[in-house]
Amino acid sequence: MRSNEAHAVQGQRTVFATSKDGYRFEVSASHWKLNKDVTVSLELPQRMTAATVGGFRAALQRYAEEASARHTENMATRLKRFIRDTETSEISVPALLNWRSMLGADEQWQLGGLKGFLIAWQEYGFPGVSKEVANLLSGWRISGNVKGAAVASGCPETGPYTDLEMGAMLDWANMAVTTGAISFSDYSYLLTLAMTARRRVQISHLRGKDLIQEPNAGVELFRLNIPRAKQRGIKFRGAFRSLAIIEDLYLVLDQLRRQAIAKVEAAIGTPLGKELAGEVPIFLNDEELADVNSIADVRDLLLGPAPDKLHATTSSLSKALQRCARASTARSERTGEFIRLSATRFRHTRGTKLRREGFGAFVIAELLDHSDIQNVSVYTENTAQEAVAIDQFVGAQLAPFAQACLGRLVQSEREAIRGADPTSRVANDRLHGVGTCGSYGFCASGYRACYTCYHFQPWVNGPHEEVLEDLYAEKERTRAAGCAEVIVNANDQLILAVEHCVSLCAQARRDGSVVGSETEDE
């Protein structure tokens, strides 16, 4: 686990953190070595206010833990450029307005990159960047540094996620919880955030009885009664809105609910009744549970005058998202960088997706749990999803950025794990072998899912281009049939994974060696 460590040195407490690449660095040092190639200087001019310096260090530490070393270095460099050009002592609205006017049209991208960092800084809650500054930056549309088709309109740092980014995150999360890279509890929170777009406080207030499974005309429906928040005069869990959810989320939350009940029963040494078991929080506060000794204690904490004590705190959920961000290897097809995880971005994504699908402001407000429509516009920004259409040319350009193929190349079948087992062979629709499955478990997903699975071992000389041809042809057929764009684009993440695999195989043939799908940052 990449959490901060405390280390006593000469009677003083020295705090260490770990970079995304696994390099341990001293937080208070003047320079941070984040990987073998990148060392970041933290030195700012002496005129800078203490709040700005402290906030800068705290925000950059989060970036060092969650983003690539090179991206972290770029944020530090751009902030120093801003300070140097404006000779400011703090990050203020006048200083930013001044800097924007100073930058030429060909250098606006400098401000565009810094914009994402400063908004994230304010979202983290660290001093030095005010809400006024964040609001100003959020209202600016700034042209990015051109990177071919990979960078389109919208901010890939703070704006809504594209469908491809959401797909990449969920693919990574499903793999990470299976391998133990993240805990089941952290995975459950991330999935709930992605699927419901609800606020942290609402998710923390969920109880077991809020999970509902009900038959409807012979089909099982799944719902989640989510407590409302930010409404005046409503007490704790005093009002709810019911939200339809998919079965996968229901099953995950139901398993977490069972684990929470088991923890409480283990603490008191006796089973809970059905009614009291339904009151147990899905996201449990383990620290408060440590002081629980009897069923009377449980009843008092859940039904007494302070019924929120056994619920996970919002800060603990924030830390869960931080742990996911530190562990995540999901990349954006727009930038090639690790995707920055943010609860706010999930809400913006849901609002944007609803607007793109034709829903009006009142429906969007209802589904995002707003009491009116005055704040809906913030969730309906334009995204790069509307600007980039995956086709044979664009897919090949985006593939190196997305890095969606998770398997590892092998020269031939005989070099693969399970290569001697004929049942491990993966064939495409044309019955031509394309790789080997390295998993000993059962899988009924079909060969297409292999390209986004870390067990897959693509053969360097496999006919992966045939898979691409079939995928692009299928996409054209659905478009010609008049299907909705969401159907037409359903396989875009898979297309990028196969494109990535094709490019890796071509590189391996050129080099005469096998390379894995993991590439270092440029």
Side-chain angles (χ1 to χ4, degrees), residues 19-23 34-38 67-71 73 147-151 164 168 171-172 175 179 328-338 390-420 424-428 430 432-439 447-472 492-522:
S19 75
K20 187 79 172 183
D21 292 323
Y23 278 61
L34 303 183
N35 66 17
K36 64 181 178 62
D37 300 312
V38 176
S68 73
R70 191 68 68 190
H71 190 52
E73 180 186 43
K147 293 182 180 178
V151 177
L164 291 172
D171 284 345
W172 165 80
M175 178 188 71
T179 60
S328 174
T329 56
R331 291 179 182 269
S332 167
E333 82 282 358
R334 294 184 278 177
T335 65
E337 288 290 343
F338 296 112
I390 305 296
D391 57 27
Q392 283 90 335
F393 173 77
V394 174
Q397 297 295 314
L398 294 184
F401 288 87
Q403 298 192 26
C405 180
L406 301 180
R408 187 163 293 275
L409 303 189
V410 293
Q411 282 285 7
S412 64
E413 185 174 19
R414 62 177 174 270
E415 295 183 8
I417 299 171
R418 297 183 64 213
S424 69
R425 189 175 302 155
V426 177
N428 62 19
R430 307 183 193 187
H432 297 157
V434 293
T436 302
C437 176
S439 173
Y447 82 91
R448 289 185 172 187
C450 295
Y451 284 92
T452 54
C453 175
Y454 68 100
H455 290 301
F456 185 45
Q457 300 161 95
W459 304 339
V460 169
N461 294 307
H464 307 292
E465 290 83 357
E466 291 181 352
V467 179
L468 267 184
E469 290 175 13
D470 293 342
L471 287 170
Y472 281 126
D492 279 358
Q493 183 71 16
L494 174 58
I495 287 174
L496 290 185
V498 183
E499 287 277 17
H500 186 211
C501 180
V502 168
S503 67
L504 289 173
C505 290
Q507 183 66 45
R509 290 193 294 270
R510 285 195 297 270
D511 297 344
S513 63
V514 177
V515 295
S517 64
E518 296 177 1
T519 58
E520 291 184 353
D521 293 319
E522 294 295 331

Of the non-hydrogen atoms in [X] and [Y], which two are nearest, and what is the gap between them?
X	Y	value
C437	V426	N-CG2, 3.9 Å
P458	C501	CB-SG, 3.6 Å
V38	A69	CG1-O, 3.6 Å
H500	A404	ND1-N, 3.4 Å
G433	P463	O-CD, 3.1 Å

Exam field: side chain [X] to backbone [Y], donor-acceptor pair closer than 3.5 Å:
X	Y	value
R509	V460	yes
N428	R430	yes
R418	G438	no

From the list V502, V498, D470, side-chain contact (heavy atoms from CB on, under 4.5 Å) with E465 holds only for V502
Measuring from atom [atom1] of [X] to atom [atom2] of [Y], what distance do you get when rounded to the nearest 0.5 angstrom?
X	Y	atom1	atom2	result
W459	R425	CH2	CZ	5.5 Å
L504	L409	CG	CG	5.5 Å
Q507	D511	CD	CG	4.0 Å
C505	R510	SG	CZ	11.0 Å
L496	L471	CG	CG	10.5 Å
T436	E415	OG1	CD	10.5 Å

Say whether E337 and S68, considering side chains only, have a donor N or O and an acceptor N or O under 3.5 Å apart. yes
Quick one, E499 and I495 - any side-chain contact, counting heavy atoms below 4.5 Å? yes
In the structure I gave you, are the side-chain heavy atoms of F456 and V434 within less than 4.5 Å of one another anywhere? yes
Could you give me the CA-CA distance, side-chain angles and deciding distance for Q457 and I417, then say whether side-chain contact (heavy atoms from CB on, under 4.5 Å) is met? CA-CA 8 Å; Q457 300 161 95; I417 299 171; 3.6 Å; yes
Would you please test Y451 and H464 for ring-ring contact (aromatic ring centres under 6.0 Å, His included) and show each step? CA-CA 10 Å; Y451 284 92; H464 307 292; 5.7 Å; yes
